[in-house]
Amino acid sequence: MKQWKILKIMSNTQENSKNRTIILTGMMGAGKSTVGSILSRKLKLGFIDLDTLIEKNQKMSIPEIFKTLGEEAFREMEYNTINSVKAGQKLVISTGGGVVENKKNIEKLRQTGRIYYLEASADVLYERIKGDIKRPLLMTKDPEKTLKEILNKRRAKYECADFKINTENKTAKEITDEIAEIYEKING
């Protein structure tokens with residue numbers, strides 16, 4: 001993370017309550033749920049995993065929602081769930097990989113907190129999730145190719161985050177420590 005970017009955000013938003021909410025974005029396999037859970041304990045913040053919350057509210061798994069109601073319905077559920085979170089809460093929010101597909105989601109997340117993009121190459125992401133049957137968008141003939149296409153389509157949207165954290169060759173603890181350091185610098 002560039003030190004100047006942290007200092008710029010600190011000077012522009014020192015008193016801004018949205019600094020208290022950490023929002024993790026990135027592709028499937030980036031580590032959002034794992035890092036989010038560890039980070040919330042480390043910083044003593046609440047934790048919301050958007051996909052888990054949607055599954056709980058709908059009483060269906062994400063693959064079931066995609067299969068029975070479709071991706072569009074899921075994206076609407078995602079937006080409604082994001083919209084229910086108030087800005088300024090001391091939270092870590094782990095988003096689904098496709099949260100960036102809906103511009104309304106990004107606008108609401110920006111109002112809610114600071115966005116951290118957990119970045120990794122398509123090859124690393126695929127190694128982490130190959131064989132995972134809970135990835136409805138990868139239920140294709142060539143899931144590796146599909147993952148690369150999805151990443152290429154979303155990359156620019158992810159890059160608009162406040163912070164970019166490369167997750168390759170790092171443990172969840174190392175990633176957590178990196179985000180915690182930024183969070184503590186911003187929040188004093």
Undergrad: Please find the pair of heavy atoms, one from Ser94 and one from Ser33, that lie closest to each other, and give the distance.
TA: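 Minimum heavy-atom separation between Ser94 and Ser33: OG-N, 3.3 Å.
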
Undergrad: Atom CG in Leu151, atom OH in Tyr126: separation rounded to 0.5 Å?
TA: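 It comes to 14.5 Å.
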
Undergrad: Taking the side chain from Thr81 and the backbone from Leu50, do they hold a donor-acceptor pair closer than 3.5 Å?
TA: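 Judged by distance alone, no pair lies under 3.5 Å.
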
Undergrad: Could you grab the distance from atom CD of Gln58 to atom CG of Leu53, nearest 0.5 Å is fine?
TA: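 Gln58 CD to Leu53 CG: 10.0 Å, rounded to 0.5 Å.
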
Undergrad: Kindly give the heavy-atom pair with the smallest separation between Gly98 and Tyr158, and that separation in Å.
TA: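 Closest heavy-atom pair between Gly98 and Tyr158: N-OH, 4.4 Å.
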
Undergrad: Is the shortest distance from a Lys or Arg side-chain nitrogen in Arg154 or Glu101 to a carboxylate oxygen in the other one below 4.0 Å?
TA: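 Counted as a salt bridge, because a side-chain N and a carboxylate O are separated by less than 4.0 Å.
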
Undergrad: Indicate yes or no for a side-chain donor-acceptor contact from Lys59 to the backbone of Glu55 under 3.5 Å, with no hydrogens or angles considered.
TA: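 No, Lys59 side chain to Glu55 backbone: no donor-acceptor pair under 3.5 Å.
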
Undergrad: Should the pair Arg110-Glu107 be classified as a salt bridge under the 4.0 Å nitrogen-to-oxygen rule?
TA: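 Looking at Glu107 together with Arg110, the answer is no, because their closest N to O distance does not fall below 4.0 Å.
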
Undergrad: Return the minimal non-hydrogen interatomic distance between Glu64 and Ser61, and the atom names on each side.
TA: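 Where Glu64 meets Ser61 most closely, the heavy atoms are OE1-N, 2.7 Å.
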
Undergrad: A side-chain contact here means heavy atoms from C-beta on lying under 4.5 Å apart; do Lys32 and Thr95 qualify?
TA: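 Answer yes - side chains close enough.
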
Undergrad: Determine yes or no for a side-chain-to-main-chain donor-acceptor pair under 3.5 angstrom, with Asn105 supplying the side chain and Val100 the backbone.
TA: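 No; zero donor-acceptor contacts below 3.5 Å.
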
Undergrad: Donor-acceptor check, side chain of Tyr183 to backbone of Arg20, threshold 3.5 angstrom: yes or no?
TA: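 Yes, Tyr183 side chain to Arg20 backbone: donor-acceptor pair under 3.5 Å.
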
Undergrad: Identify whether Leu45 and Ile38 are in the same connected component of the hydrophobic contact network (ILVMFWY, side-chain heavy atoms under 4.5 Å).
TA: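 No; tracing contacts between hydrophobic side chains, which count when under 4.5 Å, never links both residues.
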
Undergrad: Kindly give the heavy-atom pair with the smallest separation between Gly36 and Phe47, and that separation in Å.
TA: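 Closest approach of Gly36 to Phe47: C-CE1, 3.3 Å.
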
Undergrad: With side chains defined as the heavy atoms from C-beta onward, is the minimum distance between Leu69 and Met60 less than 4.5 Å?
TA: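 Yes - at least one pair of side-chain heavy atoms lies under 4.5 Å apart.
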
Undergrad: Does the distance from a Lys or Arg side-chain N to an Asp or Glu carboxylate O, for Lys153 and Glu149, drop under 4.0 Å?
TA: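 Salt bridge: no.
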
Undergrad: Evaluate the ring planes of Phe66 and Phe74, with Trp represented by its six-membered ring, and classify them as parallel (under 30°), tilted (30 to 60°) or perpendicular (over 60°).
TA: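 Plane angle between 30° and 60°, so tilted.
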
Undergrad: Contact between Ile93 and Ile82 at the side-chain level, heavy atoms closer than 4.5 Å - yes or no?
TA: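 No, their side chains stay 4.5 Å or more apart.
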
Undergrad: Looking at Lys130 and Glu144, does any basic side-chain N land under 4.0 Å from a carboxylate oxygen?
TA: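 Not counted as a salt bridge, because no side-chain N and carboxylate O are separated by less than 4.0 Å.
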
Undergrad: For side-chain hydrogen bond (donor to acceptor under 3.5 Å, both in side chains), just list the numbers for Thr176 and Arg41, CA-CA rounded to whole Å, side-chain angles, deciding distance to a tenth of an Å, and then say yes or no.
TA: CA-CA 10 Å; Thr176 298; Arg41 288 191 303 274; over 6 Å; no

Undergrad: So which atom in Thr167 and which in Ala120 form the shortest heavy-atom distance, rounded to 0.1 Å?
TA: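 Distance-wise, the nearest heavy atoms are OG1-CB, 3.5 Å.
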
Undergrad: Does atom NZ of Lys90 have more than 12 heavy-atom neighbours from other groups under 6.0 Å away?
TA: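 At most 12 heavy atoms, drawn from other residues, nucleotides or ligands, come within 6.0 Å of this atom.
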
Undergrad: Is there a side-chain contact between Leu91 and Ile22 (heavy atoms, below 4.5 Å)?
TA: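 Counting from C-beta outward, Leu91 and Ile22 never come under 4.5 Å.
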
Undergrad: Measuring from Ile65:CD1 to Ile62:CD1, what's the distance to the nearest 0.5 Å?
TA: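 Ile65 atom CD1 to Ile62 atom CD1 measures 4.5 Å (nearest 0.5 Å).
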
Undergrad: Quick check for you: to the nearest 0.5 Å, what is the distance between Lys44 atom NZ and Leu39 atom CG?
TA: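 Atom-to-atom, Lys44:NZ and Leu39:CG are 12.0 Å apart.
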
Undergrad: Flag yes if more than 12 heavy atoms outside Asn169 fall under 6.0 Å of its CG atom; otherwise flag no.
TA: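 Counting neighbours around CG of Asn169, 12 or fewer heavy atoms of other residues, nucleotides or ligands fall under 6.0 Å, so no.
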
Undergrad: Could you tell me if the side chain of Ile150 sits less than 4.5 Å from the side chain of Met28, heavy atoms only?
TA: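 Yes; the side chains approach each other to less than 4.5 Å.
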
Undergrad: Of Ile175, Val99, Val92, which is the lone residue that meets side chain to side chain contact (heavy atoms under 4.5 Å, CB included) with Leu24?
TA: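 The option that passes is Val92.
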
Undergrad: Is the closest side-chain heavy-atom distance between Lys104 and Glu76 below 4.5 Å?
TA: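 With C-beta onward as the side chain, the pair touches.
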
Undergrad: Are Glu78 and Asn102 side-chain neighbours, meaning at least one heavy-atom pair lies under 4.5 Å?
TA: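 When only atoms from C-beta onward are counted, Asn102 and Glu78 do not touch, as no gap falls below 4.5 Å.
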
Undergrad: Checking the side chain of Asp162 only, and the main-chain atoms of Arg114 only, is there a donor and an acceptor separated by less than 3.5 Å?
TA: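 Checking the backbone N and O of Arg114 against the side chain of Asp162, no donor-acceptor pair under 3.5 Å is found.
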
Undergrad: In terms of hydrophobic clusters joined by side-chain contacts under 4.5 Å, are Tyr79 and Leu109 together?
TA: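 No, separate clusters.
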
Undergrad: Please answer whether the main-chain N or O of Thr34 pairs with a side-chain N or O of Ser37 as donor and acceptor at a distance below 3.5 Å.
TA: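 Looks like no, no N/O pair under 3.5 Å.
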
Undergrad: Shortest non-hydrogen contact from Ile115 to Ala161?
TA: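 For Ile115 and Ala161, the tightest heavy-atom pair comes out as O-CB, 3.5 Å.
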
Undergrad: Checking side-chain hydrogen bond (donor to acceptor under 3.5 Å, both in side chains) for the pair Ser121/Glu168: CA distance, chi angles, key distance, verdict?
TA: CA-CA 8 Å; Ser121 70; Glu168 292 187 23; 3.1 Å; yes

Undergrad: Before you tell me yes or no, could you show the steps for Asp123 and Lys148 under salt bridge (charged side-chain N to carboxylate O under 4.0 Å, His left out), namely the whole-Å CA-CA distance, both residues' side-chain angles and the distance that decides it to 0.1 Å?
TA: CA-CA 8 Å; Asp123 292 336; Lys148 288 177 180 179; 3.4 Å; yes

Undergrad: Between Arg155 and Glu119, is there a salt bridge with N-O shorter than 4.0 Å?
TA: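 Salt bridge: no.
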
Undergrad: Hey, does Leu147 have a side-chain heavy atom less than 4.5 Å from the side chain of Met27?
TA: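 In contact.
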
Undergrad: Can a donor-acceptor pair be found between the side chains of Arg135 and Thr146 at a distance below 3.5 Å?
TA: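 There is no such pair (donor and acceptor under 3.5 Å, judged by atom type) between the side chains of Arg135 and Thr146.
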
Undergrad: Can Lys42 and Asp177 be said to form a side chain to side chain contact (heavy atoms under 4.5 Å, CB included), step by step?
TA: CA-CA 9 Å; Lys42 178 180 178 82; Asp177 290 346; 3.1 Å; yes

